[in-house]
2 protein chains.
Amino acid sequence: MKIGELAKLTGCSVQTIRYYEKEKLLASKRRSEGNFRLYDQSAVGQLMFIKNCRSLDLALSEVRQLIELNQSPGMHCDDVNKMIDNHIEQVEQRMKELEGLRRHLTSLRDSCSTNRTVEECGILRNLSAKQLENP
Amino acid sequence: MKIGELAKLTGCSVQTIRYYEKEKLLASKRRSEGNFRLYDQSAVGQLMFIKNCRSLDLALSEVRQLIELNQSPGMHCDDVNKMIDNHIEQVEQRMKELEGLRRHLTSLRDSCSTNRTVEECGILRNLSAKQLENP
DNA sequence: CTTGACTCTATAGTTACTATAGAGTTTAAA
DNA sequence: TTTAAACTCTATAGTAACTATAGAGTCAAG
């Protein structure tokens, strides 16, 4: 199949597939006479693997590591576990940050009611304050 | 004062200050004989305003809008309120996404115990699955 | 007068794509 | 058979908000 069909099957864009190839995450060995990329069913699997990883917010560098690991079936998979553990931590960390941010924004929003002018705006006054407390 | 002192006072890096100037978020009118940027106390305030906005994850384009608004003290500040409301929504949206991600990662992690080989690794097997359910 | 600390501009790199230009290829209809 | 549409190719630039570097100039102290 050609790149367009692979794109449709996997839900990736054509450019993205070419980008993954350039980044050595996906090999396309064969080309047609007219120099078009040709793929088989295994390419669908490889691309879905990448897509699944990306839906978990894994970086392409991490995906690359996983692909390499996948190629040594006999090795221990501790590194995979570590990577996922690490990722869970990062996600939880970011959630905490966002919770702080949310509280901060909400209290900022409460400092201004409607029908004020810019001059009176509590939000702008707060933003101009020398230092914003970091909760 | 020169750019290094401004950087120290505000906690921004020297390059960041120059970058803000290029992006027209911060004006530096005066230069020394030797072409060094010269700042006064008001620059500290302007830079802290930007820094405060950034600590709330406001985009530089939004900061630019706020700076412009700040220059028309008589106008209504509804746009400021809208921007912050909008931002709160975005933060909450991202928090929901991350919560889904966290659950997803956790259940993935549970699919593999220690002391397995890559071949047996539940995580890799799951990632290879044609479609990852999107909870 | 030279050393070191500072500053200047311009440029490239980061991440994971997306968008474009300009060219060639294939398929279908007129 | 021609031609038009739809597809593909490569190469390049853009995105956001910086950070890092090169190579040059400025300034104060010793």
Side-chain angles (χ1 to χ4, degrees), chain A residues 1-39 43 46-67 83 87 90-91 94 97 101, chain B residues 1-40 43 46-67 83 86-87 90-91 94 97 101:
Chain A
M1 81 186 81
K2 284 183 290 182
I3 199 168
E5 201 182 337
L6 182 61
K8 218 168 271 171
L9 279 177
T10 57
C12 295
S13 78
V14 167
Q15 297 106 294
T16 299
I17 296 174
R18 287 198 280 244
Y19 174 71
Y20 287 163
E21 181 186 325
K22 208 176 63 165
E23 293 294 311
K24 299 187 194 309
L25 291 162
L26 189 64
S28 96
K29 322 126 223 259
R30 290 190 308 137
R31 293 281 179 119
S32 75
E33 280 185 29
N35 198 32
F36 287 7
R37 289 169 178 82
L38 294 177
Y39 300 97
Q46 288 165 38
L47 199 44
M48 286 313 294
F49 180 86
I50 299 174
K51 228 195 151 196
N52 287 335
C53 291
R54 290 295 298 137
S55 80
L56 297 173
D57 258 9
L58 293 172
L60 289 186
S61 59
E62 294 174 310
V63 181
R64 201 175 291 117
Q65 286 174 55
L66 289 178
I67 290 173
M83 186 184 292
H87 226 74
Q90 275 177 261
V91 168
R94 183 60 183 154
E97 286 171 18
L101 205 52
Chain B
M1 80 187 81
K2 283 183 289 180
I3 199 168
E5 201 182 337
L6 181 60
K8 217 169 273 172
L9 280 178
T10 58
C12 294
S13 79
V14 166
Q15 297 108 291
T16 299
I17 296 173
R18 287 197 281 244
Y19 174 70
Y20 287 162
E21 181 186 326
K22 208 176 61 162
E23 294 293 310
K24 301 189 191 310
L25 291 161
L26 189 64
S28 95
K29 321 128 224 259
R30 290 189 307 136
R31 292 283 179 120
S32 76
E33 280 183 31
N35 199 31
F36 287 7
R37 289 169 179 82
L38 295 177
Y39 300 96
D40 56 15
Q46 289 165 36
L47 199 44
M48 286 313 293
F49 180 86
I50 300 173
K51 226 194 154 197
N52 287 337
C53 291
R54 292 293 300 138
S55 81
L56 297 173
D57 258 9
L58 292 173
L60 291 186
S61 59
E62 293 174 310
V63 180
R64 201 175 292 118
Q65 287 175 55
L66 289 179
I67 291 173
M83 186 184 292
N86 200 332
H87 226 73
Q90 275 178 262
V91 168
R94 184 60 183 153
E97 286 170 17
L101 205 52

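Protein chains get the first letters and strands the later ones, always in sequence-line order, with residue 1 at the start of each. Everything numeric here is computed off the predicted structure, so don't read it as measured data.
Across the protein-nucleic acid pair, A:R64 atom CZ and C:dC17 atom P stand 12 Å apart, rounded to whole Å. Counting to the nearest Å, the P atom of C:dT7 and the CZ atom of B:R31 are 12 Å from each other. Distance, B:I17 CD1 to C:dT7 P: 9 Å, rounded to whole Å. Rounded to an integer number of Å, the gap from B:R54 CZ to D:dT19 C1' is 14 Å. If you measure from atom CG of A:L47 to atom P of C:dA16, you get 16 Å, rounded to the nearest angstrom. Regarding B:E21, its CD atom lies at a distance of 14 Å from the P atom of C:dT7, rounded to whole Å. Separating the NZ atom of A:K8 from the C1' atom of D:dT8 is a distance of 14 Å, rounded to the nearest angstrom. Atom pair A:Y19:OH and C:dT20:C1' shows a separation of 18 Å (rounding to whole Å applied).
With DNA chain C read from its 5' end, the first of the two nearest nucleotides for A:N35 and A:S61 is the one closest to A:S61. Residue whose closest nucleotide on DNA chain C sits further toward the 5' end, between B:R18 and B:K22: B:R18. Comparing B:A59 and B:K2 against DNA chain D, the residue whose closest nucleotide sits nearer the 5' end is B:A59.
For B:R31 and B:E21, the salt-bridge test passes: some basic side-chain N is under 4.0 Å from an acidic carboxylate O. A salt bridge links A:E97 and A:R94; the closest N-O separation between the charged side-chain nitrogens and carboxylate oxygens is under 4.0 Å.
The shortest side-chain heavy-atom distance between B:L56 and B:H87 does not fall under the 4.5 Å cut-off.
Phosphate proximity of D:dT8 to A:R37: absent, as no side-chain N or O sits under 4.0 Å from OP1 or OP2. Taking 4.0 angstrom as the limit, B:S13 places a side-chain polar atom (N or O) nearer than this to OP1 or OP2 of D:dT19. In this structure, A:T16 reaches the C:dT18 phosphate: one of its side-chain N or O atoms is under 4.0 Å from OP1 or OP2.
Taking each heavy atom of B:R37 and B:S28 in turn, the nearest pair found is CG-OG, 3.8 Å.
With C:dC17, D:dA17, D:dT26 as the choices, the nucleotide that has an atom nearest any side-chain atom of B:F36 turns out to be D:dT26. Out of D:dC18, C:dT7, C:dT26, the shortest distance to the side chain of B:Y20 is found at D:dC18. The nucleotide whose nearest atom lies closest to any side-chain atom of A:Q15 is, among C:dT18, C:dT7, D:dA17, C:dT18.
Between the side chain of B:R54 and the backbone N or O of B:L58, at least one donor-acceptor pair lies under 3.5 Å.
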